[in-house]
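Quick notes on the structure that follows.
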Amino acid sequence: MTLADKVWTSAEALAWTVSRFTGAAIEQPRLDAELLLAEALGCDRVDLYANPDRSLGVEERARYRGLIQRRLDGEPVAYILERKAFRYLTLAVSPAVLIPRPETELLVEAVLAFAAGDRGGLVAADIGTGSGAVAVSVAREIDGARVYATDVSEEALGLASENAKAAGVSDRIDFLQGDLLEPLASGIARVPDIAEAPGIAGTLDVVVSNPPYIPTAEIDALPAEISRYEPRGALDGGADGLSVLRRIIDAAPDFLRPGGLLALEIGEAQADAVSTMMKDRFDQITVLRDLAGLDRVVTGVVARP
Ligand SMILES: C[S@@+](CC[C@H](N)C(=O)[O-])C[C@H]1O[C@@H](n2cnc3c(N)ncnc32)[C@H](O)[C@@H]1O
């Protein structure tokens, strides 16, 4: 019996898929099966358990088969569903952007902790914004915060801009195309309909970034759903994985006010190297660990003269 020639209830379809995904060594077989079945049926995951005897119609079955096949081929669920949950947001994603990771929420938390003592009007730059996960969260969770979000990828900026609109914060984020902090220096905005960046050198409260930080030679050894599907430009941190981090650390002090925060996501083995790179220009260097206990974020504040 195959999925095609039987009348399936949602409980049966789920059980069959979990077993198939487990056999294919998919990491979260039940969660993925639930998300895809709910998508095919146009319902929420909880409805699958509220109505386990609901039978799948012909079109629903065909839709579900297509989604399962894409997952079995290795495509990440977030690209199949074209969305990913991140903090309070459901972000639109596409293969043009990295799928936002739960550990990146720690980066947002570091900015929130810094802003807690702020009297309002925080100004931040999110470098390599991708889907806008960090920029949109900062704008949404910090009252009145204004964010400049840069990326080299025009497609990523288009998606991030959609995500900002959906979250109701597009009036407080400027999306700028270019290399790292360079669009903030040149004041040139190359994304249509987006405001020009003012001259903001030396005035930012926060520079935050989750840059590409995987050593080039390690990318092909990552799980295929990352190495084959996620954009290389979002992963590749150069020969030692530190080349983009290094350039941000060099440039950020010129854009930050004295006492301003630099918050960087890092690879789990990069905390020492990144702390060392920061020590000449930054004080209060702190390494934060993610829920898995791995070094994930380094922060520091610009030393006062
Ligand atoms: C690891 S992804 C992070 C995306 C998003 N901030 C997140 O945390 O989910 C890195 C992003 O940096 C962008 N990027 C890579 N090199 C860049 C550069 N030189 N200047 C600006 N953005 C860059 C990539 O296009 C990608 O969107």
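All heavy atoms count here, side chains included; hydrogens, waters and symmetry mates do not. Residue numbers run from 1 in the order of the sequence given. One-based numbering, in listed order, for ligands and for the atoms of each.
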Around [atom], find the nearest protein heavy atom and jot down its residue, atom name and distance.
atom: atom 14 (N) of ligand 1; result: Val152 CG2, 3.9 Å
atom: atom 18 (C) of ligand 1; result: Leu180 CD2, 3.4 Å
atom: atom 1 (C) of ligand 1; result: Ala234 O, 3.0 Å

Give a yes/no verdict on whether any heavy atom in [X] is under 4.0 Å from an atom of ligand 1.
X: Asp151; value: yes
X: Ala156; value: no
X: Gly178; value: yes
X: Val97; value: no

Does the distance from a Lys or Arg side-chain N to an Asp or Glu carboxylate O, for [X] and [Y], drop under 4.0 Å?
X: Glu230; Y: Arg101; result: yes
X: Arg146; Y: Asp174; result: yes
X: Arg172; Y: Asp143; result: no
X: Arg247; Y: Glu182; result: no

- With atoms numbered from 1 as shown, which atoms in ligand 1 lie under 4.0 angstrom from a non-hydrogen atom of Asp179?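 Selected atoms, number and element: 18 (C), 19 (N), 20 (N).
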
- Item | Atoms in ligand 1 flagged as close to Gly233, the criterion being non-hydrogen separation under 4.0 Å |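 Taking each heavy atom of Gly233 in turn, ligand 1 has 15 (C), 24 (C) under 4.0 Å.
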
- Which option out of Gly128, Ala160, Pro212 puts a heavy atom nearest to atom 4 (C) of ligand 1?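 When every heavy atom of Gly128, Ala160, Pro212 is considered, Gly128 comes closest to atom 4 (C) of ligand 1.
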
- Message: Out of Leu176, Asn210, Leu98, Thr129, who is nearest to atom 5 (C) of ligand 1 when you count heavy atoms only?
- Response: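 Among Leu176, Asn210, Leu98, Thr129, the closest heavy atom to atom 5 (C) of ligand 1 comes from Thr129.
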
With rounding to the nearest 0.5 angstrom, report the [atom1] to [atom2] distance, [X] to [Y].
X: Asp236; Y: Glu218; atom1: CG; atom2: CD; answer: 11.0 Å
X: Glu265; Y: Leu245; atom1: CD; atom2: CG; answer: 9.5 Å
X: Ile99; Y: Thr104; atom1: CD1; atom2: OG1; answer: 12.0 Å

Looking at ligand 1, does any of its N/O atoms fall within less than 3.5 Å of an N/O of [X]?
X: Pro100; result: no
X: Ser153; result: no
X: Thr104; result: no

Taking atom [atom1] as the centre, does [X] end up with more than 12 heavy-atom neighbours from other residues, nucleotides or ligands that are less than 6.0 angstrom away?
X: Arg289; atom1: CZ; value: no
X: Asp272; atom1: CG; value: no
X: Glu155; atom1: CD; value: no

- Item | Structural part of Leu235 in contact with ligand 1, heavy atom criterion under 4.0 angstrom |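 Neither part.
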
